[in-house]
> 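Shown below is the structure under consideration.
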Amino acid sequence: MDGMKTAIGLMSGTSMDGIDVALLRTDGQGRVERGAFLGVAYEPAFREKLKQALQDATAIRERAERPGTLTAVERELTERHAVAIRDFLRQNDLSASDIHVIGFHGQTVLHRPDEALTVQLGDGQRLADLTGIAVVSDMRANDMVHGGQGAPLVPAYHAALAEGLVVPERPVCFVNIGGISNLTFIGRDGALMAFDSGPGNNLIDQWVEAQAGIPFDQGGMIASEGQVMAALAESYLASPFFTAETRRSLDRNDFLPPRGDQAELADGARTLAYVAAAAIMTSAGHLPEAPALYVICGGGRLNAVLMADLARLAGERGAKVVSAEDVSLDGDAMEAEAWAYLAVRAMQGLPLTFPNTTGTSAPVSGGRITTPQKIG
Ligand SMILES: Nc1ncnc2c1ncn2[C@@H]1O[C@H](COP(=O)(O)OP(=O)(O)OP(=O)(O)O)[C@@H](O)[C@H]1O
Ligand SMILES: CC(=O)N[C@H]1[C@@H]2OC[C@@H](O2)[C@@H](O)[C@@H]1O[C@H](C)C(=O)O
């Protein structure tokens with residue numbers, strides 16, 4: 001009926017905190033019906049394997065290479081995604097035959113847009129075999145073949161969501177504050193512009209992990225006890241990333257956390273929360289028009305200190321900041337939903353990326369489509 005497909009999106013983001021699973025019904029264009037969501041956390045031992053995989057990936061020169069632990073980690077990662085799908089289907093009383101396609105992001109272990117090299121671990125064929133469902137994987141590769149940055153890909157979905165947005169303010173800007181942050185501007189006339197906007201939670205996570213052995217600053221509680229260290233903040237915000245003529249997508253390691261002797265725990269967390277907020281607003285300066293509304297998704301929206309900085313900085317420019325939930329969206333599920341949406345578009349050969357989102361030379365589709373060869 002009416003071209004609507006049922007898809008599942010799978011996201012394992014740069015924070016490496018787990019697998020997000022989201023259900024979406026869509027026609028791959030303007031019609032979007034959001035469904036159930038499941039977050040499956042990685043236990044610390046698997047996060048350590050992913051960290052090792054990031055190290056091993058630095059030796060990759062060609063995207064199919066899997067040096068060191070990468071073959072084993074890719075296999076385990078794929079199997080974990082299959083288990084997440086199985087649990088998700090069971091919890092929602094669904095079976096594999098209810099799902100047309102899975103959009104599988106995998107885990108980015110290397111991203112060098114200047115060399116047109118981006119590597120996401122995750123075996124689409126094996127996931128299709130394990131789940132019995134068609135899989136679209138590797139959705140960043142074709143964009144790079146066409147001169148794009150390989151990220152961000154979520155803007156096509158943001159644009160579809162903007163059509164149904166329950167508030168009147170325009171232009172609107174969706175901001176994802178994950179490990180890295182990215183933003184999508186949607187103008188009054190629907191014009192789209194998007195790019196990675198700077199470090200998000202990654203620096204905060206790495207800082208509190210190194211200084212206090214905890215994985216993230218819950219609610220921004222640690223930051224709330226510190227002071228912004230102006231010189232340290234400036235050392236991040238002075239990066240040529242923010243002033244370059246063209247927008248560039250980011251690798252996890254493009255910005256590094258402070259050294260232990262540069263700050264106390266709370267001041268470091270406070271400064272990095274400010275940096276995350278200021279990075280977004282500085283990058284937003286490259287948009288064609290100042291947004292009237294910022295809709296924030298991703299884990300960073302749960303850091304109250306970061307959000308207060310963002311609200312203040314946006315307020316100074318006459319704009320409002322809301323969380324995805326304030327406009328009846330789900331800030332945790334959005335990227336996984338986007339991968340479901342993109343998978344449906346890929347099946348239809350529709351563009352995933354555009355000159356104004358990744359810098360690709362023309363709107364391009366992408367993804368590798370694999371269908372189940374065997375079950376189990
Ligand atoms: N309750 C919370 N309080 C503060 N920060 C939080 C909270 N929950 C999650 N976060 C932050 O959000 C991060 C996860 O965010 P998210 O899942 O959006 O990132 P990701 O999808 O892995 O990254 P990316 O979008 O870059 O691929 C965590 O690593 C943590 O820093
Ligand atoms: C190479 C890669 O995995 N990039 C991610 C990362 O995490 C956030 C930001 O950097 C974004 O551009 C991208 O993911 C989102 C989901 C995207 O492509 O839209």
Side-chain angles (χ1 to χ4, degrees), residues 9-20 22 37 39-42 47 50 54 57 63 103 105-113 117-122 138-141 143-144 148-158 174-184 194-209 214-224 247-255 269 272-273 276 283 296-307 323-324 330-339 341-342 352-353 357-359 366:
L10 292 171
M11 170 56 67
S12 179
T14 53
S15 299
M16 305 194 303
D17 56 346
I19 302 169
D20 293 336
F37 172 71
V40 183
Y42 291 138
R47 289 176 61 131
L50 290 177
L54 294 183
R63 69 191 308 271
H105 179 267
Q107 182 67 49
T108 296
V109 288
L110 186 76
H111 187 66
R112 290 192 186 140
L117 181 62
T118 186
V119 181
Q120 284 72 45
L121 292 187
D138 232 355
M139 286 196 253
R140 301 189 189 279
D143 177 73
M144 279 198 161
Q149 290 284 313
L153 266 61
V154 83
Y157 182 60
H158 286 157
F174 284 83
V175 184
N176 163 48
I177 313 179
I180 293 164
S181 68
N182 57 286
L183 57 78
T184 305
F195 39 78
D196 282 0
S197 44
N201 300 296
N202 265 346
L203 296 179
I204 303 171
D205 290 356
Q206 290 177 72
W207 174 252
V208 299
E209 170 96 55
I214 50 175
F216 64 96
D217 182 10
Q218 189 159 2
M221 270 174 357
I222 300 173
S224 71
R247 312 285 25 97
R248 201 181 152 271
S249 63
L250 287 170
D251 181 63
R252 215 184 117 85
N253 292 324
D254 284 339
F255 289 89
L272 294 172
S283 286
I296 316 298
C297 40
R301 78 193 189 293
L302 304 173
N303 182 324
V305 175
L306 196 171
M307 284 296 274
S323 280
D330 185 330
D332 291 322
M334 202 175 289
E335 285 189 338
E337 289 169 9
W339 250 252
Y341 181 76
L342 293 170
L352 308 183
T353 55
T357 62
T358 59

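Quick note: residue numbers are just sequence positions, from 1. Since this is a predicted model, take the numbers as computed values, not measurements. Atoms within each ligand, like the ligands themselves, are counted from 1 in listed order.
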> Could you tell me whether a side-chain N or O of Asn182 sits under 3.5 Å from a main-chain N or O of Phe195, the two making a donor and an acceptor?
no
> Which of the atoms of ligand 2 are close to Val154, meaning less than 4.0 Å from one of its heavy atoms?
17 (C), 19 (O)
> Under 4.5 Å between any side-chain heavy atoms of Met16 and Leu54, yes or no?
yes
> Answer yes or no: is there a donor N or O on one side and an acceptor on the other, between the side chain of Ser181 and the main chain of Gly198, under 3.5 Å?
yes
> Which one of Asn201, Leu250, Thr108, Leu203 satisfies the side chain to side chain contact (heavy atoms under 4.5 Å, CB included) criterion with Ile180?
Leu250
> Can you name the atoms of ligand 1, numbered from 1 with element, that are less than 4.0 Å from a heavy atom of Asp205?
28 (C), 29 (O), 30 (C), 31 (O)
> Could you tell me the separation between the OG1 atom of Thr118 and the CZ atom of Arg140, rounded to the nearest 0.5 Å?
6.0 Å
> Would you indicate whether the side-chain heavy atoms of Cys297 and Glu335 approach each other to under 4.5 Å?
no
> Are any of the side-chain heavy atoms of Tyr42 and Ser12 separated by less than 4.5 Å?
yes
> Quick one: nearest non-hydrogen protein atom to atom 17 (C) of ligand 2, plus distance?
Leu153 N, 3.3 Å
> So is Ile204 in contact with ligand 1, going by heavy-atom distances below 4.0 Å?
no
> Looking at every non-hydrogen atom in both residues, tell me the closest pair between Asp217 and Ala269 and how far apart they are.
OD2-CB, 4.0 Å
> Compute the shortest N/O to N/O distance between Asp20 and ligand 1 and return yes if it is under 3.5 Å, no if not.
no
> Can you find a non-hydrogen atom of Gln149 under 4.0 Å from ligand 2?
no
> Which protein heavy atom lies closest to atom 3 (O) of ligand 2, and at what distance to 0.1 Å?
Thr108 OG1, 2.6 Å
> Just by distance, do the side chain of Asp254 and the backbone of Asp251 share a donor-acceptor pair under 3.5 Å?
yes
> What do you reckon, does Gly219 have a nitrogen or oxygen under 3.5 Å from a nitrogen or oxygen of ligand 1?
yes
> Is there side-chain contact between Pro152 and Asp196, with at least one heavy-atom pair below 4.5 Å?
yes
> I need the nearest protein heavy-atom contact for atom 2 (C) of ligand 1: residue, atom name and distance, please.
Leu302 CB, 3.4 Å
> Counting only heavy atoms, tell me which of Gly200, Ser15, Cys297 gets closest to atom 19 (O) of ligand 1.
Ser15
> Give the numbers and elements of all ligand 1 atoms closer than 4.0 Å to a heavy atom of Asn176.
25 (O)
> Tell me, which protein residue and heavy-atom name are nearest atom 7 (C) of ligand 1, and how many Å apart are they?
Phe216 CE1, 3.4 Å
> I'd like to check Leu352 versus Asp143 (side-chain heavy atoms, cut-off strictly below 4.5 Å). Are they in contact?
no
> Please confirm whether Thr14 comes within less than 3.5 Å of ligand 1 when only nitrogen or oxygen atoms on both sides are compared.
yes
> Is there any N or O on Gly179 that sits under 3.5 Å from an N or O of ligand 1?
yes
> So, the side chain of Asp138 versus the backbone of Gln120: is there a donor-acceptor pair under 3.5 Å, distance only?
no
> Atoms of ligand 1 less than 4.0 Å from Gly298 heavy atoms?
18 (O)
> How far is atom 11 (C) of ligand 2 from its nearest protein heavy atom, and which residue and atom name does that atom have?
Asp196 OD1, 3.5 Å
> At a non-hydrogen distance cut-off of under 4.0 Å, which region of Tyr157 contacts ligand 2 (side chain, backbone, both, or neither)?
neither
> Looking only at protein heavy atoms, identify the closest one to atom 13 (C) of ligand 2 and say how far it is in Å.
Arg140 NH2, 3.5 Å
> Examine the proximity of ligand 2 to Thr14 and report which part, side chain or backbone, both or neither, has a heavy atom under 4.0 Å away.
side chain
> Identify, for atom 25 (O) of ligand 1, the protein heavy atom at the shortest distance, and state residue, atom and that distance.
Glu335 OE2, 2.8 Å
> For atom 17 (O) of ligand 1, grab the closest protein heavy atom and report residue, atom and distance to one decimal in Å.
Asp17 OD2, 3.7 Å
> Might you point out which heavy atoms bring Ala156 and Leu342 nearest each other, and give the distance in Å?
CB-CD2, 4.1 Å
> Ignoring angles and geometry beyond distance, decide whether Gly299 reaches within less than 3.5 Å of ligand 1 through its nitrogen or oxygen atoms.
yes
> Angle between ring planes, His105 versus Trp339, binned at 30° and 60°: parallel, tilted or perpendicular?
perpendicular
> Among protein heavy atoms, which lies nearest atom 16 (C) of ligand 2, and at what distance?
Glu335 OE2, 3.2 Å
